[in-house]
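Accompanying notes for the structure given below.
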Amino acid sequence: MPRKRRRVSNLDDEEHKSSISENLSTDSLLLTQDGKGDSSPISIYFVDEKMKTFRLGSDFFNQPCISLAKSFLGQILARKLPDGKELRGRIVETEAYLGGEDDASHSTRGKQTGRNVAMFMPAGTMYVYQIYGMYFCLNVSSQGEGAAVLLRSLEPLQSLDTMRHLRNLRRKENGKALKDWELCNGPSKLCQALDINKSFDRRDLARDEEVWLERGTEVLGDQDIIAAARIGINYAGEWAKKPLRFYIKGAKCVSIVDKTAERNTT
DNA sequence: AGAGGGATCTTCT
DNA sequence: GAAGATCCCTCTC
């Protein structure tokens, strides 16, 4: 039986030239980890002359897994397509996968395989794996052996028309049009919308030319973050219940809202 | 709003 | 050979 495969046609040409990087000020070049003031400020920015944009560097990624999972919230994931078009989205939901002790992690019990080696590579390395035979998920390795953060949802900011086009490639023609908030509200949806696939596995998010992270404009505090159980890991026993999923309270594009967790957070 | 099933194939046992 | 860090469509309440 011939396999159906829709052709990836030329992307929409509408321009969205507004550049977020141009609006970034330099007065917040320092941050304190966890906002608790218990560690000295670290420099996390550098200006990539080649790309003419601010981006978060290796120091940002080199922090403990849970800390990094929270720190991702509010930051901006940027993607440059081969045709030069830039897509951006604000990260609103992540999950921490701690490594050896974590039964839900691909790296549980220190298990290292061909698939998950990126989890053991230096902090900031992207781990992209295919799931259910047809989707991709994007993780970023953190401090800690085999630990990584799954990026689950973005609030689309730039080039939404292109994101919608990329998302529609695998959908029925008769299907309902995707709302803006549905473009990236799931781990594999964001990979579709930003055209992130297996070729990004093991690449460095701090230095890659096609995808990078920028400092968001809003400063978040602990009161803005909900901690809830992770999704789709019910097989993991006790670890399935641990509050290792983090999302921005009230954010529109969170994939699954946990009302119980929100009640217990106030 | 929620339940259920199909799609689809790599990875590891 | 089976499961899976998912998504989408359809059916029902």
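Lettering of chains follows the sequences in order, A, B, ..., and the numbering in each one begins at 1.
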Inset, instruction - Kindly compute the distance separating CE (A:Met126) from CZ (A:Phe200), expressed to the nearest 0.5 Å. - result: 6.5 Å
Inset, instruction - Any chance you could encode DNA chain B as dot-bracket? Rule is Watson-Crick or G-U wobble with both distances under 3.5 Å; [ ] for pairs crossing earlier ones, | for another strand. - result: |||||||.||||.
Inset, instruction - Would you kindly compare A:Arg115 and A:Leu178 by the position of their nearest DNA chain C nucleotide and give the one closer to the 5′ end? - result: A:Arg115
Legend entry - Residues A:Asp102, A:Arg230: salt bridge by 4.0 Å N-O rule: yes
Legend entry - Any side-chain heavy-atom pair of A:Tyr97 and A:Asn116 under 4.5 Å: no
Inset, instruction - From the options A:Phe72, A:Phe54, A:Trp212, select the one residue that forms a ring-ring contact (aromatic ring centres under 6.0 Å, His included) with A:Phe60. - result: A:Phe72
Legend entry - A:Tyr127 and its side chain to side chain donor-acceptor pair (under 3.5 Å) partner, picked from A:Arg203, A:Arg202, A:His106: A:His106
Legend entry - Verdict with reasoning, A:Leu77 to A:Val211, per side chain to side chain contact (heavy atoms under 4.5 Å, CB included): CA-CA 7 Å; A:Leu77 186 63; A:Val211 59; 3.9 Å; yes
Legend entry - Rounded interatomic separation in angstrom, taking CG from A:Leu169 and C1' from B:dT8: 17 Å
Inset, instruction - Report the distance from atom CD of A:Gln192 to atom P of B:dT8, rounded to the nearest whole Å. - result: 13 Å
Legend entry - DNA chain B contacts made by residues 240-259 of chain A, counting heavy atoms under 4.0 Å: none
Inset, instruction - Would you kindly give the CE-to-C1' distance between A:Met134 and B:dG6, to the nearest whole Å? - result: 9 Å
Inset, instruction - Have a look at A:Glu95 and say if it touches a base, only the backbone sugar-phosphate, or nothing, with a 4.0 Å heavy-atom cut-off. - result: nothing
Inset, instruction - Answer yes when A:Arg245 and A:Glu93 have at least one side-chain N-carboxylate O distance shorter than 4.0 Å, and no when they do not. - result: yes
Legend entry - SB check A:Arg109 A:Asp103 (cutoff 4.0 Å): no
Legend entry - DNA chain C: 5'-most and 3'-most nucleotides touching chain A, 4.0 angstrom heavy-atom criterion: C:dG4 to C:dT10
Inset, instruction - Show your reasoning for whether side chain to side chain contact (heavy atoms under 4.5 Å, CB included) applies to A:Leu154 and A:Leu183. - result: CA-CA 8 Å; A:Leu154 310 178; A:Leu183 292 172; over 6 Å; no
Legend entry - Polar contact flag, side-chain donor to acceptor under 3.5 angstrom, A:Arg90-A:Gln75: no
Inset, instruction - Please report, rounded to the nearest Å, how far the P atom of B:dC9 is from the CZ atom of A:Phe136. - result: 11 Å
Legend entry - Nearest-nucleotide 5' precedence on DNA chain C, A:Ile231 against A:Glu182: A:Ile231
Inset, instruction - Calculate the interatomic distance between A:Ile131 atom CD1 and B:dA7 atom C1'; express it in whole Å. - result: 14 Å
Legend entry - Rounded distance (nearest 0.5 Å) linking atom OG of A:Ser71 with atom CZ of A:Phe246: 10.5 Å
Legend entry - A:Asp201 CG to B:dT11 P, straight-line distance once rounded to whole Å: 10 Å
Legend entry - Rounded distance (Å) that lies between atom P of B:dA7 and atom CZ of A:Arg171: 18 Å
